[in-house]
Amino acid sequence: PSEMKSVGEQKTALRRLTPLTLDFAVVEFDYENDNFLVQLFDPKEESLSQFNTWRTQNYPALTNEQFVIN
């Protein structure tokens, strides 16, 4: 289905950019667990909000379950 294709394409695109340093977090890929690790910068609440906005704008097919937030 096209939804699964979008998830695969976006996951691959983001994985190729990792480790990715953003203004509010660092995103890495955990190959063993097949998910993204997100290390938020302080203040964490503001960084989480910025991360969620960034994720929905740039990788809308990827769900919160594909990210482990620290």
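Keep in mind the model is a prediction, meaning the values are calculated, not measured.
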**Q** Taking the side chain as every heavy atom from C-beta outward, state whether F29 and L37 have any atom pair closer than 4.5 Å.
**A**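 No, their side chains stay 4.5 Å or more apart.
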**Q** How long is the straight-line distance from CZ of R15 back to OG1 of T18, given to the nearest 0.5 Å?
**A**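 Atom-to-atom, T18:OG1 and R15:CZ are 8.0 Å apart.
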**Q** Are Y59 and V26 connected into the same hydrophobic cluster when the rule is that any two of I, L, V, M, F, W, Y join if their side-chain heavy atoms are below 4.5 Å apart?
**A**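 V26 and Y59: separate clusters.
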**Q** Indicate, with yes or no, if L20 and F24 share a hydrophobic cluster defined by side-chain heavy-atom contacts under 4.5 Å among Ile, Leu, Val, Met, Phe, Trp and Tyr.
**A**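 Yes; L20 is reachable from F24 via cluster members.
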**Q** Would you be so kind as to tabulate the donor-acceptor pairs closer than 3.5 Å made by side chains of residues 2-9, with sequence neighbours excluded?
**A**
{"unit_1": "S6", "atom_1": "OG", "unit_2": "S2", "atom_2": "O", "d": "3.2"}

**Q** Rounded to the nearest 0.5 Å, what separates atom OG1 in T12 from atom CG in L17?
**A**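 If I round to the nearest 0.5 Å, the distance is 11.0 Å.
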**Q** Does F41 offer a backbone N or O that forms a donor-acceptor pair with the side chain of S47 under 3.5 Å?
**A**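 Present.
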**Q** Applying the 4.5 Å side-chain criterion to the ILVMFWY set and letting contacts propagate, would V38 and W54 be lumped into a single cluster?
**A**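 The answer is yes; both residues are in one hydrophobic cluster.
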**Q** Pair up each side-chain donor or acceptor in residues 60-70 with any protein partner under 3.5 Å, not counting sequence neighbours, and list the distances.
**A**
{"unit_1": "T63", "atom_1": "OG1", "unit_2": "E65", "atom_2": "OE1", "d": "3.0"}
{"unit_1": "N64", "atom_1": "OD1", "unit_2": "R55", "atom_2": "NE", "d": "3.2"}
{"unit_1": "N64", "atom_1": "OD1", "unit_2": "R55", "atom_2": "NH2", "d": "3.1"}

**Q** Got a sec, which pairs hit side-chain hydrogen bond (donor to acceptor under 3.5 Å, both in side chains) with one end in residues 27-39, sequence neighbours left out?
**A**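 Passing the test, one end in residues 27-39: K11-D34, D30-N33.
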